[in-house]
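All remarks here apply to the structure that follows.
Just so you know, ligand 1 is whichever comes first in the structure, and atom 1 is the first atom listed for that ligand. In this chain, residues are counted from 1 in sequence order.
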Amino acid sequence: MDSNKSSPWSFILPSFLLCLSLCIHLCLGTDKLDANQSLSGNETLTSLGGDFVLGFFTPGKSSYSYIGIWYNKVREQTIVWVANRDNPVTDRYSTELKILDGNLIIVNGSQVPVWSTNLRTSSSGSSSMVAVLGDDGNFALKDGPNSSVTLWQSFDHMTHTWLPGAKLEINKRKNTVLTSWKNAEDPSTGLFSLQLQPSNEYFILWNMSFRYYTTGKWDSKNKVYENVPELKANTIFDFIFVDNENESYFTYRRKDGSTTPSRFVMDLSGQMQMLSWLPSQQWNMF
Ligand SMILES: *[C@@H]1O[C@H](CO)[C@@H](O)[C@H](O)[C@H]1NC(C)=O
Ligand SMILES: *[C@@H]1O[C@H](CO)[C@@H](O)[C@H](O)[C@H]1NC(C)=O
Ligand SMILES: *[C@@H]1O[C@H](CO)[C@@H](O)[C@H](O)[C@H]1NC(C)=O
Ligand SMILES: *[C@@H]1O[C@H](CO)[C@@H](O)[C@H](O)[C@H]1NC(C)=O
Ligand SMILES: *[C@@H]1O[C@H](CO)[C@@H](O)[C@H](O)[C@H]1NC(C)=O
Ligand SMILES: *[C@@H]1O[C@H](CO)[C@@H](O)[C@H](O)[C@H]1NC(C)=O
């Protein structure tokens with residue numbers, strides 16, 4: 001066995017393994033995570049058109065890491081979604097995001113699940129399942145690469161940001177809630193939230209109970225909320241309100257159809273902000 005030490009293989013094999021592991025790291029430069037892959041450390045997914053990135057981030061001087069989605073082309077990292085907001089991990093290199101038993105899960109270095117999509121699946125899931133990051137910033141779990149069936153999507157589980165195309169919904173199944181971060185370095189569930197009410201008006205709530213703001217009723221003719229006439233003056237977004245037997249939701253898109261980064265965010269002070277990225281490389285607030 002000793003002679004092995006001088007064999008050229010003892011040098012080549014580790015280098016080969018190093019290259020292989022580097023390749024696994026770099027080769028994940030795709031928009032998809034399939035059932036045989038996992039994402040950890042500095043690995044990221046990038047949407048096909050290069051608008052959004054998904055990976056681990058550490059806010060400010062925090063000692064914790066989170067899986068999140070941010071804009072690829074906005075220099076100051078702007079997080080639009082957080083998976084494990086209330087269950088941070090301390091070591092992103094030993095933590096993995098992967099598909100297991102029909103769910104997307106995050107396991108920490110001890111293989112303890114810290115976050116899951118929590119879908120109740122009867123089977124153990126299929127090996128063709130795939131999670132895809134779209135150019136709209138939506139991370140969707142599908143049962144196959146070309147499947148039109150979305151099993152779970154981040155747009156249905158917003159954190160503090162509402163992106164164009166996502167639906168703020170209220171129905172029997174669910175009620176979208178946007179909730180502020182706790183502070184600038186802690187994305188965990190904060191005290192301010194925005195919820196659509198069955199009356200189709202929005203309430204901004206403090207600590208999920210005290211109502212301190214309401215938009216008033218939706219005026220479908222003028223496309224404004226009673227208390228938010230500013231909506232009409234905005235030249236950038238189109239707001240669409242859908243209310244039918246199956247669903248009731250509110251969504252928006254840019255009038256110019258461009259992919260210029262735009263977002264609504266429930267900020268730390270309980271203000272709902274409407275922001276658009278300017279060519280001068282900064283966020284403009286309406
Ligand atoms: C994952 O691995 C299994 C077993 O090795 C294989 O059958 C399957 O095709 C792989 N799936 C993908 C998407 O590569
Ligand atoms: C991961 O990214 C950070 C920040 O860019 C860098 O300091 C660190 O060296 C990277 N780690 C590895 C293993 O690539
Ligand atoms: C994983 O999470 C469990 C439960 O919170 C914890 O006991 C364990 O120390 C964690 N492991 C690592 C490596 O962080
Ligand atoms: C998915 O669709 C693309 C484009 O339509 C096609 O090239 C690819 O072969 C399809 N893949 C599977 C697994 O059906
Ligand atoms: C928020 O409400 C809960 C009860 O629902 C209460 O226990 C908690 O103290 C409240 N938080 C603050 C900051 O008032
Ligand atoms: C509501 O859902 C049913 C069943 O999927 C469908 O047939 C019907 O067209 C839907 N109604 C609307 C207004 O979309």
Side-chain angles (χ1 to χ4, degrees), residues 14-30 33 37-46 50 52-79 82-98 100-101 103-118 133 143 147-151 153 155-156 165-176 182 184-189 196 198 200 218 220 239-251 253:
S15 331
F16 170 74
L17 288 176
L18 180 67
C19 287
L20 190 68
S21 93
L22 277 178
C23 181
I24 287 167
H25 271 251
L26 302 174
C27 292
L28 211 62
T30 141
L33 186 71
Q37 290 175 313
S38 69
L39 183 138
S40 78
N42 284 353
E43 294 168 342
T44 55
L45 301 181
T46 304
F52 287 94
V53 176
L54 178 144
F56 285 92
F57 72 97
T58 298
K61 295 188 176 69
S62 170
S63 44
Y64 294 118
S65 290
Y66 304 82
I67 291 266
I69 297 175
W70 59 91
Y71 295 99
N72 195 19
K73 293 166 185 166
V74 170
R75 227 186 307 120
E76 52 176 302
Q77 191 181 56
T78 305
I79 305 295
V82 187
N84 54 322
R85 73 184 299 185
D86 293 308
N87 300 89
V89 294
T90 47
D91 177 19
R92 64 166 74 183
Y93 295 99
S94 63
T95 304
E96 291 177 288
L97 170 72
K98 59 185 180 186
L100 186 74
D101 295 339
N103 278 287
L104 259 174
I105 64 162
I106 300 174
V107 291
N108 75 10
S110 322
Q111 295 298 307
V112 174
V114 296
W115 177 84
S116 164
T117 48
N118 276 325
L133 178 64
D143 60 5
S147 170
S148 60
V149 180
T150 296
L151 304 167
Q153 56 182 354
F155 270 15
D156 288 339
K167 297 173 177 178
L168 278 182
E169 272 192 85
I170 183 162
N171 56 40
K172 289 188 199 75
R173 276 187 312 122
K174 67 190 182 67
N175 184 354
T176 315
K182 199 154 257 170
E185 296 188 348
D186 182 356
S188 64
T189 307
L196 182 58
N200 289 331
W218 175 247
S220 54
F239 293 93
I240 303 129
F241 183 65
V242 174
D243 189 13
N244 65 36
E245 53 187 331
N246 299 327
E247 46 182 4
S248 176
Y249 65 86
F250 198 51
T251 189
R253 59 180 175 225

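Close approach of ligand 6 to Asn246 is summarised as follows: ligand atoms under 4.0 Å from at least one heavy atom of the residue are 1 (C), 2 (O), 3 (C), 8 (C), 10 (C), 11 (N), 12 (C), 14 (O). Annotation for ligand 3: atoms under 4.0 Å from non-hydrogen atoms of Asn108 are 1 (C), 2 (O), 3 (C), 8 (C), 10 (C), 11 (N), 12 (C), 14 (O).
Within the 4.0 angstrom cut-off, atom 11 (N) of ligand 6 has one or more protein heavy-atom neighbours. Distances from atom 7 (O) of ligand 3 to the protein include no heavy-atom value under 4.0 Å. Checking atom 4 (C) of ligand 6 against the protein gives no heavy-atom contact under 4.0 Å. The protein reaches atom 14 (O) of ligand 3 closely, with a heavy atom under 4.0 angstrom from it.
Aromatic pair Tyr71/Phe52: ring centres closer than 6.0 Å.
Shown are Val89, Val107, Thr90, Ile67; of these, the side chain to side chain contact (heavy atoms under 4.5 Å, CB included) with Thr95 is made only by Val89.
Note that CD1 of Ile106 is 5.5 Å distant from CH2 of Trp115, once rounded to the nearest 0.5 Å. The structure places CD of Glu43 at 6.5 Å from OG of Ser38, a figure rounded to the nearest 0.5 Å.
Looking only at distances, a side-chain donor or acceptor of Glu185 sits under 3.5 Å from a matching main-chain atom of Lys61.
Phe250 and Phe239 have parallel rings, their planes meeting at less than 30° on a 0 to 90° scale where 60° marks the start of perpendicular.
For Ser110, a nitrogen or oxygen atom sits less than 3.5 Å from a nitrogen or oxygen atom of ligand 3, counting backbone and side chain alike.
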